[in-house]
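Side-chain atoms are counted along with the backbone in the values below, which use heavy atoms only and exclude waters and symmetry mates.
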Amino acid sequence: MAVREVTSAPSLATLYPKALLRRGGGSTLPNTELVRPEVVVDPAHVAAYNQVCGFRFSDELPATYPHMLVFGLQMALMTEPGFPFPLLGLVHVENRITQHRPLLLGEKFRVSVRAENLRPHEKGSQFDMVSEVRSGTDTVWSEVSTYLRRTGSGSGSAPKTQLTPPKPSALWQVPGDIGRRYAEVSGDRNPIHLHPLTARLFGFPKAIAHGMWTKAHALASFEGRLPDAYSVAVRFKQPVLLPGRAAFTTWQTDDGWAFELWHARKPKPHLDGVISAR
C-alpha cells in the first residue's frame, strides 16, 4: 500500500464542495494510506467538543474525540478522483472504536486512514474506512467506520415485525441546532445535518443528528464507569430527526455494557451499541 504524508489537516471547507460535484469512478478502493505524522490536539477544541457531546472536561480525550483527527483524512481519501463512490449518499452504518489506553492532551500522535474490504451488500456495496492513532510505535486508538453505497432496494422479502422498545433509562431532549453545533466542532457540514431545507434535498423531512454525535453522547453517559482500554461499537439505524426526543437504555453485560437509542414515542430504533473491555 502506498503511504502519502499530509502535513496539515485537510480543508473540509473545500472538500465538501468537491464532494458535491463528484459522481465517483472506478471499481476498486484506492491502495493508498493517508498519514499525518505529527498531530497535537488543541485543548480549546477538545473543550468545545466535550461541551457539545456532553463529556466532562479532562486531560483525557473522550474515546470518540480522535474521530475529529481522522475525519478530514477520510474525507480527503473519499473525494480523490479514483474513489469508486460519491461521498454524498454514502450511509454510515457501523462504527467501532478501540481505545488501547487513555489518550492525553499534549501528546503527539501519528494519524492514518485507509479504505479496505469492499464487499457486496443486499442493498449495494459496503466498505470500511480504517483509521489509527499511534503514539511512538504503539497504536493507542483505532476505528473502523463501515459505509454503505445503496444501488438497489434489497430483496424486500423479510416480513415486518412489530418492534418493542425497552424501558428507557433516560430521555434525551435533542435540540434542533445540534446538527449545526456538532458541525462547527467536527467540520462535518453535510447538508442533511444543517437545516430542514437542505435536508429535504436529500430525502429527509427534517435535518438529522450526526450519527457520531449520538454515539459520543451515548458514551458520555458512561463516564467514570469505563476501563482504560475498551471497545465501543455501534450500529446506526434510523436517523434522529431534529428537534426530537429519544429514549436511551443501558444494561450491563458479562464484559461491559450495552445500550440502545429509540424514538421516544414510536417503535423506531436509532442506534444500538456495546462496550467491551479489552
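Cluster note: Leu104 groups with no other residue, as no ILVMFWY side-chain heavy atom lies under 4.5 Å from it. Clustering of Ile, Leu, Val, Met, Phe, Trp and Tyr by side-chain heavy atoms under 4.5 Å joins Val35 with Val3. Alongside Val40, the hydrophobic cluster contains no other residue (criterion: ILVMFWY side chains under 4.5 Å). Cluster partners of Val91 are Val93, Leu148, counting Ile, Leu, Val, Met, Phe, Trp and Tyr whose side-chain heavy atoms approach within less than 4.5 Å, directly or via other members.
Side chain of Ser145 to backbone of Met129: no donor-acceptor contact under 3.5 angstrom is found. Formation of a donor-acceptor pair under 3.5 Å by the His67 side chain with backbone atoms of Leu69 is not found in this model. Side-chain atoms of Asp42 come within 3.5 Å of backbone atoms of Ala44 as a donor-acceptor pair (strictly under, hydrogens ignored). In this structure a side-chain-to-backbone donor-acceptor pair under 3.5 Å is missing from Thr139 to Trp141. Looking at Trp213, its side chain does come within 3.5 Å of a backbone N or O of Val52 through a donor-acceptor pair.
At least one side-chain heavy atom of Pro166 sits under 4.5 Å from a side-chain heavy atom of Trp262. Looking at heavy atoms from C-beta onward, Pro43 lies out of side-chain contact with Val46 at the 4.5 angstrom threshold. Proximity of Arg96 to Val232: side-chain heavy atoms (C-beta onward) are nowhere separated by under 4.5 Å.
Residues Leu88 and Leu194 are members of separate hydrophobic clusters, defined by side-chain heavy-atom contacts under 4.5 angstrom among Ile, Leu, Val, Met, Phe, Trp and Tyr. In terms of hydrophobic clustering, with Ile, Leu, Val, Met, Phe, Trp and Tyr side chains grouped at heavy-atom distances under 4.5 Å, Leu226 and Val234 are assigned to a common cluster. No path of Ile, Leu, Val, Met, Phe, Trp and Tyr side chains, each step under 4.5 Å between heavy atoms, connects Val130 with Leu34, placing them in separate hydrophobic clusters. Both Leu12 and Met212 are assigned to one and the same hydrophobic cluster, defined by single-linkage of ILVMFWY side chains at heavy-atom distances under 4.5 Å. In this structure, Ile275 is not a member of the same hydrophobic cluster as Val144, with clusters built from ILVMFWY side-chain heavy atoms closer than 4.5 Å.
Within the structure, every pair that satisfies the side-chain hydrogen bond (donor to acceptor under 3.5 Å, both in side chains) test and touches residues 267-278, not counting sequence neighbours, is listed here: Ser231-Arg278, Arg235-Asp272, Lys237-Asp272. Listed by first and then second residue, the salt bridge (charged side-chain N to carboxylate O under 4.0 Å, His left out) pairs that reach into residues 195-220 come to none, sequence neighbours excluded. Residues in residues 72-90 take part in these side-chain hydrogen bond (donor to acceptor under 3.5 Å, both in side chains) pairs, two or more places apart or across chains: Arg4-Glu80, Gln74-Ser131, Gln74-Glu143. Identified under the side-chain hydrogen bond (donor to acceptor under 3.5 Å, both in side chains) test for residues 183-198, with sequence neighbours left out: Tyr16-Asp188, Glu184-Arg189.
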Go through the steps to decide whether Glu132 and Arg134 satisfy the test salt bridge (charged side-chain N to carboxylate O under 4.0 Å, His left out), and finish with yes or no.
-> CA-CA 6 Å; Glu132 293 181 339; Arg134 294 184 183 179; 3.7 Å; yes

Can you list the steps and then say if Asp138 with Arg101 is a salt bridge (charged side-chain N to carboxylate O under 4.0 Å, His left out)?
-> CA-CA 10 Å; Asp138 297 329; Arg101 60 132 171 106; over 6 Å; no

Evaluate the side chain to side chain contact (heavy atoms under 4.5 Å, CB included) criterion for residues Asn95 and Thr146: first the C-alpha distance (whole Å), next the side-chain angles of each, then the deciding distance (0.1 Å), finally the verdict.
-> CA-CA 6 Å; Asn95 179 274; Thr146 301; over 6 Å; no

Should Ile208 and Val240 be marked as a side chain to side chain contact (heavy atoms under 4.5 Å, CB included) after you check the CA-CA gap, both sets of side-chain angles, and the distance that decides it?
-> CA-CA 5 Å; Ile208 66 174; Val240 178; over 6 Å; no

Step by step, work out the side chain to side chain contact (heavy atoms under 4.5 Å, CB included) result for Trp257 and Val274.
-> CA-CA 6 Å; Trp257 297 85; Val274 293; over 6 Å; no

Hey, mind stepping through His217 and Phe248 against ring-ring contact (aromatic ring centres under 6.0 Å, His included) and telling me if it holds?
-> CA-CA 10 Å; His217 197 52; Phe248 184 62; 8.1 Å; no

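With sequence neighbours excluded, the residues forming a ring pair (Phe, Tyr, Trp, His ring centres under 6.0 Å) with Phe127 are Phe83, Phe85, Tyr147, listed by chain and number. For the side-chain hydrogen bond (donor to acceptor under 3.5 Å, both in side chains) test, no residue two or more places apart in sequence or in another chain qualifies with Arg36. In terms of the salt bridge (Lys or Arg N to Asp or Glu O under 4.0 Å) criterion, Arg180 has no residue partners (sequence neighbours excluded). Taking the side-chain hydrogen bond (donor to acceptor under 3.5 Å, both in side chains) definition, one finds that Tyr230 meets it with nothing, sequence neighbours left out.
Of the charged side-chain nitrogens involved, none lies within less than 4.0 Å of a carboxylate oxygen, so that Glu223 and Arg225 do not count as a salt-bridged pair.
The structure places CG of Leu105 at 5.5 Å from CG of Leu61, a figure rounded to the nearest 0.5 Å. Rounding to the nearest 0.5 Å gives a distance of 5.5 Å between CG of Leu118 and OG of Ser125.
Ring centroids of Phe222 and Phe259 are separated by less than 6.0 Å, placing the two rings close together.
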